[in-house]
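Remarks on the structure that follows.
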Amino acid sequence: MELPRNPTRPVRIGTITIGDNNPVAVQSMCATHTRDVGATVKQINDLIKAGADVVRIAVDTKRDVEALIEIRQQTQANLSVDLQENYRLAKTVAPHVDKIRYNPGHLYHHERQKPWQNKVKFLLEVAGENDCAVRIGVNGGSVDPAKASQFSKGDSISPMLASALEHCELLDTLGFIRYCVSLKDSDPTKVIELNQRFAAERPDIPLHLGVTEAGMPPEGVIKTRIAFEQLISRGIGDTIRVSLTLPFDRKGDEIEAGRQILADIAAGRVRSVVDYGLKSLNIISCPSCSRVENEAFIDLAQEVKAMTEYAADYAVTIAVMGCRVNGPGETDDADLGLWCGPKAVNLKRGSKTLGSYSYHDILPRLKEELDIIISERTETA
């Protein structure tokens, strides 16, 4: 289906451009030590082969910079650099990369007496001189302590949002608009709220989406998928990174997972209840995975689709989920939800459980509830 896109401005990163209705770019980050040139080049090549649009590497020391120069000579990939705490390395790094990522929460580590605004100005001057884009990367695990102190201790979202908006304002004032923003946390619900709130205030700025420390697959993919489903379906997000705990030789799985998530969202194959803004029947079903305990779930999803054709013109959401681990919670926001066990299917209306039925008996029971909803909405129309 045609997904909405926020009217973000274009930001070029090497040979690709994010924002401005360009395809959502997929990227990853090397897990190798940058100074291990051979291993890093191999991982970059593996990621590019898997379909990465941008590859990020970390530079912490002068030795890393020396290695980066060698790496750049061995790859044409669009490279982004993570400066971590030493912003001053930007001057020697920028000639060899296409994007610089800095973390507002790390700018205070060096030259503590110097205002952060001066440090950012230095970064922008370097980026401009070397044809680099910039990412303002706000992370829940390293919020600017000065900003965090302005909010209540239990509020982790407001300082992140305030920090991002403050840095955007500075960049705009300085006339540097070739930048994107990321607001990341290990909690997908916070990622959703952060990015929705930021996009409401600054819909013009491209967003880099990600869930930090997502963990190992499949759980890490599921966490990330839920955040992306809720954001990308609403037009929020211009580039993504799936952060997984993987062996080095499987790093390309992050790219494959990202592209699969994007394809599933576009096709309506989702794990969480997504509001696509449709004025017609909306059937969502999770992609099958190792947690599915009965393959009849796959057939059931097709049967639900066929049975409900008569209700195509009604804005009703039906969720068909394949397991009892995630299914109960992931159907709460649907008008009608089915989550499947090994021998029975549980039927819900909103968050209320209506009963458990055999795979043979569930369709007639689902139709009864669907007819009730249609009747109620017709009467109030």
Side-chain angles (χ1 to χ4, degrees), residues 8 10-20 22-34 36-59 64 67-68 70-84 93-94 96-101 131-135 137 139 178-182 184 206-218 220-221 223-225 227-228 231-232 237-266:
T8 53
V11 171
R12 182 173 59 82
I13 306 167
T15 62
I16 69 156
T17 299
I18 63 171
D20 194 32
N22 284 289
V24 176
V26 182
Q27 56 182 284
S28 184
M29 183 176 183
C30 285
T32 53
H33 291 296
T34 303
D36 187 341
V37 174
T40 302
V41 169
K42 182 182 185 307
Q43 194 157 90
I44 291 171
N45 290 338
D46 288 346
L47 288 166
I48 294 301
K49 186 177 179 181
D53 296 304
V54 178
V55 178
R56 182 160 54 110
I57 59 178
V59 172
D64 288 340
L68 172 64
E70 292 186 51
I71 292 165
R72 174 79 282 179
Q73 293 171 350
Q74 297 183 48
T75 179
Q76 297 301 310
N78 296 316
L79 292 181
S80 172
V81 69
D82 208 339
L83 291 178
Q84 300 295 334
V93 164
H96 313 290
V97 298
D98 303 290
K99 184 170 74 168
I100 295 171
R101 182 261 184 174
D131 193 28
C132 289
V134 167
R135 169 157 67 103
N139 193 302
R178 191 177 161 193
Y179 70 90
C180 64
V181 168
S182 64
K184 295 188 179 184
L207 277 166
H208 168 125
L209 303 182
V211 176
T212 62
E213 299 97 32
M216 295 176 286
V221 178
K223 282 186 196 174
T224 305
R225 173 182 287 275
F228 288 1
L231 294 168
I232 292 170
D238 301 278
T239 180
I240 63 170
R241 191 258 171 120
V242 180
S243 301
L244 299 174
T245 304
L246 293 165
F248 283 6
D249 61 353
R250 287 183 52 201
K251 201 65 176 170
D253 289 6
E254 290 189 346
I255 304 300
E256 294 173 13
R259 295 214 176 275
Q260 186 62 58
I261 291 170
L262 292 176
D264 287 341
I265 294 170

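- With contacts defined as side-chain heavy-atom distances shorter than 4.5 Å, the pair L246/P217 qualifies.
- The shortest side-chain heavy-atom distance between D131 and R12 falls under the 4.5 Å cut-off.
- Under the 3.5 Å distance criterion, with hydrogens and angles disregarded, no donor-acceptor pair is assigned to the side chains of R56 and S28.
- D238 contributes a side-chain N or O that, together with a main-chain N or O of L207, makes up a donor-acceptor pair within less than 3.5 Å.
- Contact annotation: the side chain of D82 never approaches that of V59 to less than 4.5 Å [non-hydrogen atoms, C-beta and beyond].
- To the nearest 0.5 Å, the span separating CG on N139 from OG on S182 amounts to 7.5 Å.
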List the steps, then state whether salt bridge (charged side-chain N to carboxylate O under 4.0 Å, His left out) holds for E254 with K251. CA-CA 6 Å; E254 290 189 346; K251 201 65 176 170; 3.2 Å; yes

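- Side-chain contact of T40 with T32: a donor-acceptor pair under 3.5 Å is present, judged by distance alone.
- Side-chain contact, N22 with T17: no donor N or O sits under 3.5 Å from an acceptor N or O.
- Heavy atoms of other residues, nucleotides or ligands lying less than 6.0 angstrom from NE2 of H96 number more than 12.
- Here the closest non-hydrogen pair linking G220 and L244 is C-CD2, 3.7 Å.
- The line from CG of D64 to CD1 of I57 is 8.5 Å long, rounded to the nearest 0.5 Å.
- Between the CG atom in L262 and the CD1 atom in I240 there is a gap of 4.0 Å [rounded to 0.5 Å].
- To the nearest 0.5 Å, atoms OG (S243) and CE (M29) are separated by 9.5 Å.
- Between atom CD of residue Q260 and atom CD1 of residue I255 there is a gap of 13.5 Å, rounded to the nearest 0.5 Å.
- A salt bridge is defined here as a Lys NZ or Arg NE, NH1 or NH2 lying under 4.0 Å from an Asp or Glu carboxylate O, and R241 with D53 fails to meet this definition.
- Separating the CD1 atom in I265 from the CG atom in L231 is a distance of 9.0 Å, to the nearest 0.5 Å.
- Side-chain atoms of R135 never come within 3.5 Å of backbone atoms of K99 as a donor-acceptor pair (strictly under, hydrogens ignored).
- Of all the heavy atoms in C180 and I18, the pair that sits closest is CB-CD1, 4.0 Å.
- Summarising the geometry of T75 relative to I44, their closest heavy-atom pair is OG1-CG2, 3.7 Å, with the distance given to 0.1 Å.
- Using a 3.5 Å distance cut-off with no hydrogens or angles, the side chains of T239 and Q27 do pair a donor with an acceptor.
- D98 places a side-chain N or O within 3.5 Å of a backbone atom of L79 that can act as its donor or acceptor partner.
- Considering all non-hydrogen atoms of both residues, V11 and Y179 come closest at CG2-O, 3.4 Å.
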Trace of the salt bridge (charged side-chain N to carboxylate O under 4.0 Å, His left out) decision for D46 with K49: CA-CA 5 Å; D46 288 346; K49 186 177 179 181; over 6 Å; no

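- Classification of D264 and R225 as a salt-bridged pair holds, one side-chain N sitting under 4.0 Å from a carboxylate O.
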Criterion side-chain contact (heavy atoms from CB on, under 4.5 Å) on V55 and N78, from CA distance to verdict: CA-CA 6 Å; V55 178; N78 296 316; over 6 Å; no

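- Using a 4.0 Å cut-off between charged side-chain N and carboxylate O, D249 and K42 make no salt bridge.
- Of all heavy-atom pairs between G19 and P206, the closest is CA-CG, 4.4 Å.
- Although no hydrogens or angles enter the test, the distance criterion places no donor-acceptor pair under 3.5 Å between the side chain of E70 and the main chain of V37.
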Check against side-chain contact (heavy atoms from CB on, under 4.5 Å), V26 and V54: CA-CA 7 Å; V26 182; V54 178; over 6 Å; no

